[in-house]
Amino acid sequence: QVQLVESGGGLVQPGGSLRLSCAASGKIFSLNAVGWYRQVPGEQRKLVAELTSNNKINYDNSVKGRFTISRDGAKNTVYLQMNSLKPEDTAVYYCNADLDEYRYLDGGELELTKRHPWGQGTQVTVSS
């Protein structure tokens with residue numbers, strides 16, 4: 001069973017930095033695309049940064065120039081470096097992936113299944 005685990009959240013003062021990690025584990029054949037989302041109480045989950053399957057990077061306007069998404073393919077891990085944090089960045093941050101899970105059939109054939117798991121979320125609080 002594939003899963004995503006976020007880490008790196010916490011309490012930081014305005015202007016500070018945090019780096020979030022999203023580690024994918026399980027029988028992963030390929031990690032195709034990953035997005036970082038955030039959600040505050042009473043609002044919908046919102047995409048803030050994504051790394052697409054053709055390696056394009058997109059950011060929400062609210063984080064452009066401050067957040068950077070990157071990946072370590074060898075570790076199946078995606079990062080979100082967050083600089084110049086503002087109180088309005090306070091939220092629970094989630095990662096979501098488009099990945100292929102593999103298994104071998106009885107005859108030895110490789111079978112791939114598309115998965116779109118979510119992580120459990122990590123709280124980021126920006127406050128003085």
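The first residue in the sequence is number 1, and the count goes up from there.
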**Q.** Heavy-atom pair with the smallest gap, counting every atom of Leu20 and Tyr93
**A.** CD1-CB, 3.6 Å
Q) So, Lys114 and Asp100, do they make that salt bridge, N to O below 4.0 Å? A) yes
Q) If you group Ile, Leu, Val, Met, Phe, Trp and Tyr by side-chain heavy-atom gaps below 4.5 Å, do Trp36 and Tyr59 land in one group? A) yes
Q: Examine distances only and state if a side-chain atom of Asn83 and a backbone atom of Phe67 form a donor-acceptor pair shorter than 3.5 Å.
A: no
Q) What are the two closest non-hydrogen atoms of Ala24 and Leu4, and how far apart are they? A) CB-CD2, 3.5 Å
Q) Hey, does Met82 have a side-chain heavy atom less than 4.5 Å from the side chain of Val124? A) yes
Q: Give the minimum heavy-atom separation between Ser128 and Pro14, together with the two atoms involved.
A: N-CD, 3.7 Å
Q) To the nearest 0.5 Å, how far apart are OH in Tyr104 and CG in Leu110? A) 5.0 Å
Q.
Taking the cut-offs as 6.0 angstrom to the six-membered ring centre and 45 degrees off its axis, would you call Arg45 and Tyr94 a cation-pi pair?
A. yes
Q. Which heavy-atom pair separates Gln81 from Ser17 by the least distance, and what is that distance?
A. NE2-CB, 4.0 Å
Q | Carboxylate-amine/guanidinium proximity below 4.0 Å for Lys27 and Glu101 | A | no
Q) Just wondering, do Gln3 and Pro117 contact through their side chains at under 4.5 Å, heavy atoms? A) no
Q: Kindly indicate whether the side chain of Thr125, heavy atoms from C-beta on, has any atom under 4.5 Å from the side chain of Val12.
A: no
Q) Within a strict 4.5 Å, meaning less than it, do heavy atoms of the Gln39 and Gln44 side chains meet? A) no
Q: May I have the step-by-step check of salt bridge (Lys or Arg N to Asp or Glu O under 4.0 Å) for Arg66 and Asp89, ending in yes or no?
A: CA-CA 11 Å; Arg66 301 187 298 121; Asp89 295 318; 2.7 Å; yes
Q: Looking only at non-hydrogen atoms, find the nearest pair between Ser21 and Thr77 and report the distance.
A: CB-CG2, 4.4 Å
Q. Between Tyr79 and Ile69, does a side-chain contact (heavy atoms from CB on, under 4.5 Å) hold up when you go through it step by step?
A. CA-CA 6 Å; Tyr79 304 97; Ile69 188 171; over 6 Å; no
Q: Group every Ile, Leu, Val, Met, Phe, Trp and Tyr by side-chain heavy-atom contacts under 4.5 Å, then state whether Val63 and Leu80 land in the same group.
A: yes
Q. Quick one: are the ring centres of Trp118 and Tyr37 less than 6.0 Å apart?
A. yes
Q. Quick one: does Ile57's side chain get under 4.5 Å of Thr52's, heavy atoms only?
A. no
Q. Is there side-chain contact between Val126 and Gln13, with heavy atoms separated by less than 4.5 Å?
A. no
Q: Using modelled atom types only, decide if a donor and an acceptor are shared between the side chain of Arg71 and the backbone of Leu31 within a distance under 3.5 Å.
A: yes
Q) Side chains of Ser7 and Arg19: donor-acceptor distance under 3.5 Å anywhere? A) no
**Q.** Heavy-atom check, side chain of Thr90 versus side chain of Gln123, under 4.5 Å
**A.** yes
Q) Got more than 12 heavy atoms from elsewhere within 6.0 Å of CZ, Phe29? A) no
Q. So which heavy atom on Ser30 is nearest to which on Asn32, and how close?
A. OG-OD1, 2.9 Å
Q | Polar side-chain atom of Glu6 near backbone of Gln120 as donor-acceptor pair, under 3.5 Å | A | yes
Q: Decide if atom CD of Glu88 counts as having more than 12 heavy atoms of other residues, nucleotides or ligands within a radius under 6.0 Å.
A: yes
Q: Go through the steps to decide whether Leu99 and Val2 satisfy the test side-chain contact (heavy atoms from CB on, under 4.5 Å), and finish with yes or no.
A: CA-CA 9 Å; Leu99 57 84; Val2 296; 4.0 Å; yes
